[in-house]
Amino acid sequence: MPEIQPAIVERDEQLYAFVRGSVRMDAFGVIGDRLPEVIGWLAGHGVELAGAPFFRFNAIDMDAESEVEAGVPVLSAPEPEGDIGIALLPRGRYVTVTHVGHPDGLFGVITELRQWAEREGLEGDMTVVDGVERWACRLESYLTDPRVEPDMNKWEIELAFRLAD
């Protein structure tokens, strides 16, 4: 595997629309398959997108259920409706890295990114309670539109983990 090349970036708050779910990692499609629903809802309300769709991992428990949001950055948003909510991604410093390849390869990239951050003396903005990681903001943004590039081995996926202040 090639050496990752992380960057530390400052991000402003970002408005987004989302659906939230509690899922096992081996059944991720339960939440992943809801992204088109959010995008369709936004299109139906004439809302302009402000970036790539993403998954926000609020609580991660690799052995049980994790709390994950399927979200889309927006410039403005109508009132929340049904399962669809509106929130802000927090401003702050983030460590980012872009993975080119199948999403199945993300686990290795995440491991490398965490090891790199540890070597650099950087801490993620998260706490661990009873083995569950609770993140202020941990994102996987899907930069490749699958309608344009259906080959998942060519997808670009950006990881962005908020750093502790």
Side-chain angles (χ1 to χ4, degrees), residues 1-9 11 14-43 49-74 83-85 87-90 92-120 122 124-126 128 131-163:
M1 186 183 305
E3 181 87 12
I4 63 167
Q5 298 183 343
I8 297 173
V9 298
R11 291 189 170 189
Q14 175 62 59
L15 185 66
Y16 72 104
F18 68 92
V19 291
R20 180 178 296 137
S22 182
V23 299
R24 291 187 58 84
M25 289 303 171
D26 59 2
F28 197 79
V30 169
I31 191 73
D33 292 345
R34 295 198 69 194
L35 267 175
E37 174 187 343
V38 177
I39 293 168
W41 181 81
L42 291 167
L49 306 185
F54 60 82
F55 297 109
R56 181 178 184 179
F57 295 83
N58 295 320
I60 301 171
D61 185 340
M62 296 303 287
D63 299 323
E65 302 259 322
S66 295
E67 181 188 301
V68 182
E69 295 173 356
V72 182
V74 294
D83 288 350
I84 298 178
L88 286 170
L89 296 175
R93 285 183 329 134
Y94 288 75
V95 59
T96 67
V97 68
T98 299
H99 164 68
V100 178
H102 197 285
D104 288 348
L106 284 172
F107 186 77
V109 175
I110 291 167
T111 300
E112 275 190 78
L113 181 60
R114 292 178 82 146
Q115 291 169 347
W116 177 87
E118 188 175 318
R119 287 192 305 272
E120 296 293 316
L122 301 169
D125 190 357
M126 67 108 172
V128 179
V132 177
E133 293 181 358
R134 300 198 176 281
W135 284 84
C137 195
R138 177 175 160 170
L139 304 172
E140 275 179 22
S141 297
Y142 285 74
L143 308 179
T144 302
D145 184 336
R147 296 168 302 183
V148 175
E149 178 53 75
D151 183 350
M152 295 171 84
N153 294 304
K154 297 180 180 177
W155 284 8
E156 288 186 33
I157 304 162
E158 180 192 63
L159 300 174
F161 296 4
R162 190 174 190 281
L163 295 170

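Start at 1 with the first residue, then count along the sequence.
The side-chain contact (heavy atoms from CB on, under 4.5 Å) search around Glu65 returns Ser22, Arg24, not counting sequence neighbours. Listed by chain and number, the residues in a side chain to side chain donor-acceptor pair (under 3.5 Å) with Arg119 amount to none (sequence neighbours excluded). Shown here are the salt bridge (Lys or Arg N to Asp or Glu O under 4.0 Å) partners of Asp61, two or more places apart in sequence or in another chain: there are none. In this structure Tyr94 satisfies the side chain to side chain donor-acceptor pair (under 3.5 Å) test with no other residue, sequence neighbours excluded. Remark: Ile8 pairs with Arg93, Trp116, Leu122, Leu163 by the side-chain contact (heavy atoms from CB on, under 4.5 Å) rule, at least two apart or across chains. Under the side-chain contact (heavy atoms from CB on, under 4.5 Å) criterion, Ala59 pairs with Glu67, Val132, Arg134, sequence neighbours left out. Residues passing the ring pair (Phe, Tyr, Trp, His ring centres under 6.0 Å) test with Trp155: none are found, sequence neighbours excluded. Evaluation of the side chain to side chain donor-acceptor pair (under 3.5 Å) rule for Glu158 yields Arg11 as partners, not counting sequence neighbours. Taking the salt bridge (Lys or Arg N to Asp or Glu O under 4.0 Å) definition, one finds that Glu140 meets it with nothing, sequence neighbours left out. Shown here are the side chain to side chain donor-acceptor pair (under 3.5 Å) partners of Arg162, two or more places apart in sequence or in another chain: Asp125. The side-chain contact (heavy atoms from CB on, under 4.5 Å) search around Gln14 returns Ala50, Pro73, Leu89, not counting sequence neighbours.
Here Lys154 contributes atom NZ and Thr144 contributes atom OG1; the two are 11.0 Å apart, rounded to the nearest 0.5 Å. The distance from the CG atom of Leu159 to the CG atom of Leu106 is 5.5 Å, given to the nearest 0.5 Å. The structure places CZ of Phe18 at 10.0 Å from CG of Asp83, a figure rounded to the nearest 0.5 Å. Put simply, NE2 on His99 and CG on Leu143 are 11.5 Å apart, with the number rounded to the nearest 0.5 Å. A distance of 13.0 Å separates CD1 of Ile157 from CG of Leu139, quoted to the nearest 0.5 Å. Taking CZ of Phe161 as the start and CZ of Arg114 as the end, the distance is 6.5 Å to the nearest 0.5 Å.
The shortest distance between side-chain heavy atoms of Ile60 and Met126 does not fall below 4.5 Å.
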Next item on the list: Determine, stepwise, if the pair Asn58 / Arg20 fulfils side-chain contact (heavy atoms from CB on, under 4.5 Å).
Entry: CA-CA 10 Å; Asn58 295 320; Arg20 180 178 296 137; 3.9 Å; yes
In a table with atom names and distances, give each donor-acceptor pair under 3.5 Å that connects a side chain of residues 35-42 to protein atoms at least two apart or in another chain.
unit_1	atom_1	unit_2	atom_2	d
Glu37	OE1	Arg34	NE	2.9
Glu37	OE1	Arg34	NH2	3.2
Glu37	OE2	Arg34	NH2	2.9
Trp41	NE1	Glu81	OE1	2.5

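Taking each heavy atom of Ala27 and Val23 in turn, the nearest pair found is O-CB, 4.3 Å. Here the closest non-hydrogen pair linking Val72 and Phe54 is N-CE2, 3.8 Å. The nearest pair of heavy atoms linking Ala17 to Val74 is N-CG2, 4.3 Å.
Counting non-hydrogen atoms of other residues, nucleotides and ligands closer than 6.0 Å to CD of Glu118 gives a total of 12 or fewer.
Ring orientation note: the planes of Phe55 and Tyr142 are nearly perpendicular, at an angle over 60° on the 30°/60° scale.
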